[in-house]
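The structure appears right after this line, and notes come after that.
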Amino acid sequence: MKTDKTSASAAPARAQGQRVFEGLGVAPGIAIGTSYVRESGNLQVVEYQVATGKVAAEMQRFRVAVERSQGQVGKLQGKAKRIHGTAAEELGFLLEAHIQMLRSSSLIGGIERRIEKSRCNAEAAVMAEIGEVAKNFAAMDDPYLRSRGQEVHEVGLRLVRNLTKAAYSSFGHLAPGSIVVAEEITPADTALMDPQQIAGFASVLGGAESHTAIMARSLGLPAVIGVAGLIGGINTGDAVIIDGSGGRIIVEPTAKCLGEYEAARRAMARETKSLTRLRDVAAVSRDGVEVGLQANLELPREVGQALAAGAQGVGLLRTEFLFMNREDLPDEDEQYRALAEIVTGMAGRPVTVRTLDVGGEKISSALGEHLVEGMNPALGLRAIRLSLRERKLLDAQLGAMLRAGAHGPLRILLPMISTVGEVQDVRQAMAVVAKRLRRRGVAIADPLPPLGVMIEIPGAALAADALANVADFFAIGSNDLTMYTLAIDRGEEQVAHLYNPLHPAVLRLIQFAIQAALRARIPISLCGEIAGDPRYTALILGLGVRELSMTVNALPRVKNRILNLDMQAATQRAEVIMDQYDSGRITALLDDFNELGMAGG
Ligand code: PEP
Ligand code: MG
């Protein structure tokens with residue numbers, strides 16, 4: 001086996017002076033640091049010979065990578081159209097050339113021949129072929145043709161990244177204060193970012209409610225995503241400001257601009273510090289109604305932060321973190337240890353653990369053949385559907401949860417439920433796992449943990465009264481509920497402006513689910529991203545929810561909003577809002593109410 005290092009593409013000509021890029025500000029705050037542009041990094045390619053019987057599978061793997069690459073370049077073309085001036089034209093030509101190469105070019109044919117004839121693994125075949133093609137271009141007299149060699153190289157690197165998927169190693173080698181810039185940043189990438197070291201990040205692709213955005217908020221990393229033209233306009237080592245609140249990236253800022261942002265950053269830090277005084281204050285409205293505030297956790301290391309922010313429990317623990325950035329599946333023991341640590345860390349406060357919710361935009365390479373992406377991943381074998389098909393996966397998770405439940409209060413939450421039968425199936429599976437563990441003398445939760453349902457599919461909201469008969473509690477997932485109700489991909493920047501939880505259809509579904517839970521007298525919470533945005537607090541509570549779960553960093557501001565809220569007035573305003581048909585009018589009614597409330601009116 002031979003390891004070969006491919007070199008980085010040559011840096012584009014250095015642009016001069018301050019440059020400003022606009023995108024979606026998805027995680028608030030200001031980061032000031034030095035950029036690390038990931039796409040310019042080196043890739044390690046391993047070379048080996050494929051067994052004769054596996055050549056067809058290798059070819060298929062390569063074709064999937066080609067398709068994925070075509071999709072990415074297609075998206076970049078869409079973004080490039082929104083840049084103005086000659087840069088757009090230039091980028092457009094470049095991307096068109098990339099697409100041509102990825103379609104039936106001699107480059108693709110050459111790579112396929114190497115896989116077929118020499119039984120070369122796909123990554124090595126790509127590197128060998130682009131090496132040769134680029135060499136031929138480099139020998140040409142015409143400067144234009146010579147520059148095409150660079151493009152071949154870039155196409156090759158994209159193919160290799162898509163073949164290896166986990167092409168990007170951790171960010172551990174970066175200096176503290178680094179700002180990561182990339183074409184696309186996945187939730188798994190974000191899980192590798194240590195906020196002590198990474199100051200913030202920016203990417204060309206991605207939508208505001210993507211899991212990457214959620215991870216950024218939970219790590220407290222200022223982030224701007226969906227930024228057209230970013231990669232060509234920034235180099236590793238540039239000074240950069242990420243304004244995650246305003247959705248702006250400033251490269252090589254002037255001294256004046258830097259000074260202004262430094263002052264704004266200090267003011268934000270002062271405000272955050274002043275809100276820490278609320279840590280031990282109960283979230284009670286002005287007219288005496290108490291609201292439970294819990295934390296959404298993405299990573300176990302957040303337990304300390306949740307306690308420091310005064311969270312009364314964990315309202316949503318996304319177990320996906322256990323399956324990210326690895327090639328094997330965690331077994332029951334490993335999952336048990338991770339969950340037990342969190343339950344113990346929360347010291348008697350309830351922990352709501354959700355079964356695996358991968359699929360859609362949350363892909364885990366560890367699931368390998370268990371998770372084959374279909375045409376419409378968000379509508380495919382995702383979340384509970386995958387768990388119920390892969391029973392071993394579900395049993396290992398349930399076993400770990402039941403065992404962790406012996407250390408403190410634990411609830412089990414099921415994602416993407418659409419039918420009563422799914423809940424019954426899981427309850428039955430839980431009983432079988434419990435019996436097995438008891439027979440072995442293993443300590444488990446007694447009584448068995450409550451089993452809850454995420455209300456995040458419109459059909460589940462509409463069938464909430466039926467689901468309330470089989471569920472012990474509900475958690476409204478407004479992120480997916482908005483996506484599925486409005487048919488807007490939450491991770492797709494091209495339709496991000498249409499994503500609106502204040503659409504009357506979304507609100508009616510939320511109201512319907514709340515009323516079903518109240519009638520059935522089962523607890524209901526809301527754990528989508530709107531729970532962590534003080535702008536929505538009055539409306540959600542006005543609709544009858546008394547339990548919110550959110551990213552830890554959002555907790556103090558939401559609590560502050562509740563302390564300033566008159567619950568009776570919020571309930572009346574929610575009634576008026578629910579009579580509206582127009583989301584613009586709803587927004588205005590809510591914003592007016594918030595302004596009056598925070599002004600003490
Ligand atoms: C949701 O969909 O609102 C939710 C909380 O789950 P996730 O964001 O993990 O899909
Ligand atoms: Mg969801």
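Counting starts at 1 for both ligands and their atoms, in listed order.
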Going by distance alone, is a donor N or O of one side chain under 3.5 Å from an acceptor N or O of the other, for [X] and [Y]?
X: Glu183; Y: Gln72; answer: no
X: Thr551; Y: Asn296; answer: no
X: Asp489; Y: Gln494; answer: no
X: Ser525; Y: Gln294; answer: no

Practice item. Identify which of His211, Glu298, Glu456 has a heavy atom lying nearest to atom 2 (O) of ligand 1. Key: Glu456
**Study point:** Shortest heavy-atom approach to atom 10 (O) of ligand 1 - which of Leu526, Asp480, Thr482
**Key:** Asp480
Which atoms from ligand 1 have a heavy atom of [X] less than 4.0 Å away?
X: Met454; answer: 4 (C), 5 (C), 6 (O)
X: Cys527; answer: 5 (C)
X: Arg490; answer: 2 (O), 7 (P), 8 (O), 10 (O)
X: Gly477; answer: 1 (C), 2 (O), 3 (O)
X: Leu316; answer: 5 (C)

Practice item. Answer yes or no for Glu529: is there a heavy-atom contact with ligand 1 below 4.0 Å? Key: no
**Study point:** Proximity flag Arg354 to ligand 1, non-hydrogen atoms under 4.0 Å
**Key:** yes
Side chain, backbone, both or neither: which part of [X] has a heavy atom under 4.0 Å from ligand 1?
X: Asp357; answer: side chain
X: Ile476; answer: neither
X: Ile214; answer: side chain
X: Glu320; answer: neither

Practice item. Quick one: report the N, O or S atom of Glu456 that is nearest to the Mg ion (ligand 2). Key: OE1
Practice item. For Ala400 and Tyr336, work out which heavy atoms get closest and say how close. Key: CB-N, 3.4 Å
Where the side chain of [X] meets the backbone of [Y], is there a donor-acceptor pair that is under 3.5 Å apart?
X: Glu302; Y: Glu298; result: yes
X: Gln580; Y: Ile577; result: no
X: Arg382; Y: Met416; result: no
X: Asp582; Y: Arg585; result: yes

Study note, to complete from the structure: So OG1 of Thr419 and CZ of Arg385: to nearest 0.5 Å the spacing works out to 9.0 Å
Review point. Is the distance from the Mg ion (ligand 2) to the nearest N/O/S atom of Asp480 under 2.8 Å?
Key: yes
